[in-house]
Amino acid sequence: MNIKVDLSTSGITSDIRALLAEDAKVAKEKLWSGKEDFTGWVSLPSSLCGSKADVPFKIETCPEGYDLMEELEDMKRTAEEIRGKCDLLVVVGIGGSYMGAKCVIDALAEEIAAKAETTGQNFPEVIFAGCNMSAAFHRDVIKKMREKETCLCVISKSGGTTEPLAAFSILKEEMDAKYGSDATSRIYAITDKSKGRLREEADEAGYKTFIVPDNIGGRYSVLTPVGLLPIAVAGIDIDALIEGAKDLAEEFGQAGSQADKQTDSKADSLTNYAISRVALSKSGKWIEIFEYFHPELDFFGEWLKQLFGESEGKEGKGIFPASLMFSRDLHSMGQFIQQGKQMFFETMIIIEDRGEDITIPDSVGAPLAGKTLEQINDCAIKGVAAAHTKAGVPVIKIILPKMDAYNMGQLIYFFEMTCGIAAYISGVNPFDQPGVEAYKAEMKAEIDALQ
Ligand code: PA5
């Protein structure tokens, strides 16, 4: 595992962690048993790599005749086809059906730009729609569609979610108006293999489709076609992304299959982080603030909020996930963290190698002259950690060597696994979202009542 976890200022000692070690072991075994619903993502990266490693189980719920490796190759071919004919890919989806793809594409924007420059390839802009019902927002999407060669990809596992369905029907009309009968060959659908309104519509219209595996839920689906197709279209090396996740999964899975004690291996540090989060929440720190010092991780913060919020927040339990971008938010929420009501802990996501740096000119004078931006950023990281620790705020650091597709794959898997383990330790099911259904029912009643 490339990721380092620094728990030295978390306030949670190894003695405290030992109290939850048995619960964590049980959680780990449950996740890796292959018997729990919606745990297909656990071994998915290994299955996608065709790995022969001794992982406890492989994804087993592929529908008959469905070959994961073939699906992956088909996705790559399709991504190339989309790149060949479009400058714009509009992805319609909400929640887990778009957040993973967006956070990866945003985080790796610099890698995409560099690849475009060195290879001369043109990677389509990937934008997302159907995640809000703002007319202004969608007018803007339509404007872009009219200006550029466009493909449309609609993603819904259930195939019946109101917001993406409404947006898709509008954007599909745009496609029909612009491309006539050719529109069909520019529309892609990612949904359940056989059921749901979108599956019916896609089959009837003859759209190219990809399947969301049965046993993988929305927020754990970024390494299925849900995330991989848009990510591949954007120009990111999806093999490297999967490889990163696979390496972490297998290291962790193997450690997990032997684990009956807490050791100091890096894979154990994932478990230690999961345990520390739960221990902190039990001590009254029921808000976790994810913090990053690089704006390209902004949407990764959104993805984390979805992953943890929808997985842990139920039965009156859970850690409320928040996210802040520093230095920006030091000049707003920084005040609250330092002196406000203490009910939170911080999880900083730190990237070590930030690529090419920029030197600050002499004209600014001492002490900044001649220093680089990232040197100042480092001072901010250290300064914030020191100031907040002095104020009694527990600070955890998750350190990534660099931001590339491989490490992003590791980071995604790291947090998915942490979330699964922590939720099971807390006694909640990480894979359902009954609370989301409540708003859907109320909204549906409002829609039905519209004239
Ligand atoms: O994590 C989840 O399961 C949810 O956030 C879903 O992804 C979201 O509700 C969208 O569902 P669907 O893909 O069925 O439209």
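Since the structure is predicted, the reported quantities are computational estimates derived from the model, not experimental observations. We count ligands from 1, going down the list as the structure has it; atoms in each ligand are counted the same way. Note that these values count all heavy atoms, side chains included, but never hydrogens, waters or copies made by symmetry.
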Discussion item. For Glu125, is there any backbone N or O sitting under 3.5 Å from a side-chain donor or acceptor partner on Lys148?
Written reply: no
*What do you reckon, does Gln306 put a non-hydrogen atom under 4.0 Å from ligand 1?*
yes
Of Ser221, Gly159, Gly218, Ser97, the one whose closest heavy atom lies nearest atom 13 (O) of ligand 1 is Ser97
re atom 6 (C) of ligand 1, the protein heavy-atom contact at minimum distance is Gly96 N, 3.9 Å
If you scan protein heavy atoms around atom 9 (O) of ligand 1, the nearest is Lys440 NZ, 4.3 Å
Which of Phe293, Phe290, Tyr292 passes ring pair (Phe, Tyr, Trp, His ring centres under 6.0 Å) with Phe326? Answer is Phe293
Applying side-chain contact (heavy atoms from CB on, under 4.5 Å) to Glu174 and Leu152, what does each step give before you reach the verdict? CA-CA 10 Å; Glu174 272 304 308; Leu152 186 61; over 6 Å; no
The atoms of ligand 1 lying under 4.0 Å from a heavy atom of Gln433, numbered in the order shown, are 3 (O)
Please say whether the positively charged group of Lys30, taken as NZ for Lys or CZ for Arg, lies over the ring of Tyr424, i.e. under 6.0 angstrom from the six-membered ring centre and within 45 degrees of the axis. yes
Atoms of ligand 1 under 4.0 Å from any heavy atom of Lys157, numbered from 1 in the order shown, are 12 (P), 13 (O), 14 (O)
min-distance protein heavy atom vs atom 8 (C) of ligand 1 -> Ile94 O, 3.7 Å
Atom 2 (C) of ligand 1 sits nearest the protein heavy atom Arg219 NH1, 3.4 Å
Value for CG (Asp404) from CG (Leu241), rounded to nearest 0.5 Å, stands at 10.0 Å
Looking at Thr161, Val92, Ile155, the heavy atom closest to atom 11 (O) of ligand 1 belongs to Thr161
| task | Please say whether the positively charged group of Lys285, taken as NZ for Lys or CZ for Arg, lies over the ring of Phe345, i.e. under 6.0 angstrom from the six-membered ring centre and within 45 degrees of the axis. | result | no
Atom 14 (O) of ligand 1 has as its nearest protein heavy atom Ser158 OG, 2.7 Å
When distances are taken from atom 4 (C) of ligand 1, the protein heavy atom at minimum range is Glu310 OE2, 3.5 Å
Strictly by modelled atom types, are Ser221 and Lys157 linked by a side-chain donor-acceptor pair under 3.5 Å? no
Review point. Does the side chain of Leu307 reach to within under 4.5 Å of the side chain of Tyr220, using non-hydrogen atoms?
Key: yes
